[in-house]
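Read the structure below first, then the notes.
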Amino acid sequence: MTSPSADPAERAAELRAQIAFHNERYHTLDDPEISDADYDELVRELRALEAEHPDLIVPDSPTQLVGGAIGATFAPVEHRVPMTSLDNAMDAAELRAWADRVAKGLDGEPATFVCELKFDGLAMSLRYEDGVFVQAATRGDGRIGEDVTANVATIRDVPHRLAVPASTGEVPPVVEVRGEVYMPTSSFERLNERAVAAGERPFVNPRNSAAGSLRQKDPAVTASRELSFWAYQLGEVVGGPEFSSHAATLDWVGELGFPVNDHVRTFDSIDDVAEHCLHWQEHRHDLDYEIDGVVTKVDDPAQRELLGFTSRAPRWAIAYKFPPEERTTTLLDIQVSVGRTGRATPFAVLEPVFVGGSTVGMATLHNEEQVAVKDVRPGDTVIVRKAGDVIPEVVGPVLSARPRTSTPWVFPADCPACGNPLVKPEGEADTRCVAPDCPAQRNQKIAYFASRGAMDIEGLGEQMVEKLTSAGLIKDAADLYSLTVEQLVELDRVGQTSAQNLVDAIGASTRRPLPKFLTALGVRHFGPAATAALANEFHTVDAIMEKSTEELAAVEGVGDVIANTIAQWFAQDVNRALIERFRAAGVDFGDPEAAAVAAEARAQTPQTLEGTTVVVTGTLPGYTREAAEEAITSRGGKSPGSVSKKTTALVVGDSPGASKLTKAETLGVPILGADEFEHLLSTGELPDAT
Ligand code: IVH
């Protein structure tokens, strides 16, 4: 790759060439090589250069044009009213700057703003003559688009004949309605499920699949693609009514029979507009269609007239763009990591890219099949997506940018950490390293032991674990407790203070509560809920170790599968030996006194509720919620938080929960009051049904 030129004239020429190339890919070939955000960045750079050096502006600079050339397959259509683009605001400050320009253009006269969602699809102009649909044209370069009438005619949202609006009583001889053709997210997901099932490459996003669907030679294919349409603007209208506002125009367009989006809002202040934009930035995924911003338009047609157009966009509208959730970048390599359970996961090493609010340099590729379905290869330009809090994902390759020498990526046969053969059990998606002494598994187990949800040892992340194991200082988590400051300072880039801090942090971890220690052991399925339930019931590691599968499974919140894995884990000599080493290191194994008291209390208390499940709702006289539950469990019963078919009785105190009561009534579960509860505790008997 050549580096960008430092000479402004050369750089402007470079940018113009790149933008023209990407316009062609996007508008004509429907096969963009870079994300919208990357494209916008090129245009912004060119615009900034031109602002600084106005002599560099040439009439056919992409900053002066809407963008997009005409494809070969569809007949050209000249737009009688040009289809312009929109200027963008990337943040609230740019939005306010636009409002200032509007105010200036209107000599300080206040404006009302109409906000619409910015649908991420394809702009379309639909022409009706004497109320009959005659032509659909894409935007193209804004002046000349493409005739896609036959395909658009298959979209259900597009009326073939206009309805007569009640407000005006007639349909004008010529009406052009403009809006966005899009593919609902749910339809996109269905389409991709079908594509994958048929062994075809999935589409990268709903916009691309909508574009691809409109480019079909056979309208029957378009018809099968579940496209939709939102109307948001008028083009040429001959003999139509005069409108007093954009909002009124949209109402009329709705009366003609077009879908107009529900989320159109009118505001008098730009602060409210900014707040509305931020609201949709947060809620963009609540919708069944993709939006990439909010379009704000001046409501009054007379004010629009006053403001007019620049060479490419109206001054009376602005698109507030959300931060990009998709970017294009280079896939530098595909590597495989091995987790603590031996699972081998392929992941993408990326040229770092800022997307979805953070810089992404790595993304999981899940498993072998996912890599094959996406067919991503080292060296590819790939689309990276990070939506909201969702973890970053490689959507797919940009095929047109693929190096000619590239070959499909092959899952390694051997574990990258220990060199032993990887195995992929028949019918399973995951590939695993099953070598018991695999260093990657060992390191991951130790890092998990030290992690926040477990022993929470500050300063002991994956990198430190790697240093410690490769220096031969530790082989498992129990070895951590004999590390010394003298040993640690010998390690690369570990000073006296951080060594001391680490030793202190390891020492402090011996006092973690029992559930944390149980979690840290990393037994499969043994998550926070089950560890808390067992610690609560049995109080010490020793008590838990001695329990049978049945005794473990009897504890509320511990299922049969977990109980079985735990019992098996504690039955193995290696694990028992590990436990003894933790004991020797001084790790807190729970409170034997509490265990003894609980055991004693159990022995003293008649097990009247053995085998029953009693749910409590509301406040019972003389009991806190915990005490009421304890009264049940200490008598051998269970006391879960919700009513089910298995519930023996529901005990109702003051201010009970309505849903528990209704559910108990529906299921025919006996409902007891405070006195009947006392009777149940002492005898285990339910009152006679009345
Ligand atoms: S109005 C003269 N309204 O955004 C005003 N455009 O970046 C023309 N778009 O080409 C456009 N939602 O494809 C308008 N509610 C909306 C829109 C919208 C999406 C698209 C449209 C346009 C592009 C400009």
Side-chain angles (χ1 to χ4, degrees), residues 23 26-27 30 32 35-37 39-40 43-44 62-63 65-68 79-90 94-95 98 102 113-126 136-146 148 152 157 176-183 206-208 210-211 214 227-237 246-247 249-250 253-254 258-266 273 276-277 280 284 287 289-299 301 303-305 307-322 324:
N23 273 346
Y26 184 93
H27 291 284
D30 281 332
S35 66
D36 288 0
Y39 174 85
D40 288 348
V43 176
R44 282 169 95 64
T63 57
L65 304 168
V66 173
H79 298 300
R80 277 162 249 210
V81 174
M83 285 184 82
T84 55
S85 183
L86 290 171
D87 281 337
N88 294 332
M90 307 310 272
E94 291 190 13
L95 187 68
W98 169 76
V102 167
F113 304 111
V114 181
C115 290
E116 295 166 9
L117 300 180
K118 186 172 185 313
F119 312 108
D120 199 6
L122 285 104
M124 193 64 64
S125 186
L126 308 175
T138 64
R139 190 176 76 179
D141 66 1
R143 203 173 55 84
I144 296 180
E146 293 177 294
V148 286
V152 170
D157 284 346
E176 279 178 11
V177 171
R178 290 176 175 175
E180 204 84 352
V181 171
Y182 67 97
M183 184 176 283
R207 202 209 87 90
N208 274 27
L214 281 177
L227 296 176
S228 301
F229 182 76
W230 292 123
Y232 50 65
Q233 204 69 36
L234 287 174
E236 188 187 29
V237 180
H246 179 63
T249 314
L250 291 180
V253 167
F258 292 93
V260 176
N261 190 264
D262 281 344
H263 304 292
V264 178
R265 296 286 179 278
T266 304
V273 170
H276 180 75
C277 292
W280 280 110
R284 61 189 292 188
L287 304 164
Y289 43 87
E290 296 218 320
I291 57 171
D292 59 348
V294 171
V295 180
T296 304
K297 302 173 180 177
V298 169
D299 193 32
Q303 291 186 334
R304 285 188 180 193
E305 190 90 18
L307 291 163
F309 289 78
T310 66
S311 59
R312 49 161 254 136
R315 289 199 187 86
W316 45 260
I318 189 91
Y320 172 90
K321 297 267 276 200
F322 299 150

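Counting convention: from 1, in listed order, for ligands and their atoms alike. These figures come from a predicted structure and were not determined experimentally. Heavy-atom basis, side chains included; hydrogens, waters and symmetry copies ignored. Numbers for residues simply follow the sequence, beginning at 1.
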Q: Describe, in one word, how the ring planes of W98 and F113 are oriented to each other, choosing from parallel (under 30°), tilted (30 to 60°) and perpendicular (over 60°).
A: tilted
Q) Can you find an N or O of N88 that's nearer than 3.5 Å to an N or O of ligand 1? A) no
Q) Would you say V295 has any N or O atom under 3.5 Å from an N or O of ligand 1, going by distance alone? A) no
Q | Heavy-atom check, side chain of W280 versus side chain of L287, under 4.5 Å | A | yes
Q) Which of the numbered atoms in ligand 1 are below 4.0 angstrom from a heavy atom of T84? A) 2 (C), 8 (C)
Q: Classify the contact between L86 and ligand 1 as side chain, backbone, both or neither, using a heavy-atom distance cut-off of under 4.0 Å.
A: both
Q) What is the ring orientation for W316 with F309, classed by angle as parallel under 30°, tilted 30 to 60°, or perpendicular over 60°? A) perpendicular
Q: Could you tell me whether the side chains of Y232 and E180 share a donor-acceptor contact shorter than 3.5 Å?
A: yes
(Q) Residue-level breakdown please: for K297 versus ligand 1, do any non-hydrogen atoms fall below 4.0 Å on the side chain, on the backbone, on both, or on neither? (A) side chain
Q: Using distance alone, determine whether F309 and ligand 1 share an N or O pair under 3.5 Å.
A: no
Q) What protein heavy atom sits nearest atom 13 (O) of ligand 1, and how far away is it? A) E180 OE1, 2.8 Å
Q: For salt bridge (Lys or Arg N to Asp or Glu O under 4.0 Å), just list the numbers for R315 and D87, CA-CA rounded to whole Å, side-chain angles, deciding distance to a tenth of an Å, and then say yes or no.
A: CA-CA 8 Å; R315 289 199 187 86; D87 281 337; over 6 Å; no
**Q.** Atoms in ligand 1 with a heavy atom of E116 nearer than 4.0 Å
**A.** 3 (N), 15 (N), 16 (C)
(Q) Within the 4.0 Å heavy-atom shell around L117, which atoms of ligand 1 are there? (A) 12 (N), 15 (N), 16 (C)
Q) When you check the gap from the basic side-chain N to the acidic O, do R207 and E290 get nearer than 4.0 Å? A) no
Q. What part of P314, side chain from CB on, backbone N/CA/C/O, both or neither, has a heavy atom under 4.0 Å from ligand 1?
A. side chain
Q) Q233 to ligand 1: N or O pair under 3.5 Å? A) no
Q | Ring centre gap for Y289 and W230 strictly below 6.0 Å | A | yes
Q) For ligand 1, does D120 get within less than 4.0 Å through its side chain, its backbone, both, or neither, judged by non-hydrogen atoms? A) neither
**Q.** Residue pair S125 / V81, side-chain heavy-atom distance below 4.5 Å
**A.** no
Q | Per-atom contacts of ligand 1 with A123, taking only distances under 4.0 Å to non-hydrogen atoms | A | 10 (O), 13 (O)
**Q.** K118 vs K321 side-chain heavy atoms within contact, under 4.5 Å
**A.** yes
Q: For ligand 1, indicate whether the residue R139 contacts it via side chain, backbone, both or neither (heavy-atom separation under 4.0 Å).
A: side chain
Q. Nearest to atom 17 (C) of ligand 1 by heavy atom, Y182, Y232, W230: which?
A. Y232
**Q.** Contact partition for K118 relative to ligand 1, non-hydrogen atoms under 4.0 Å
**A.** both
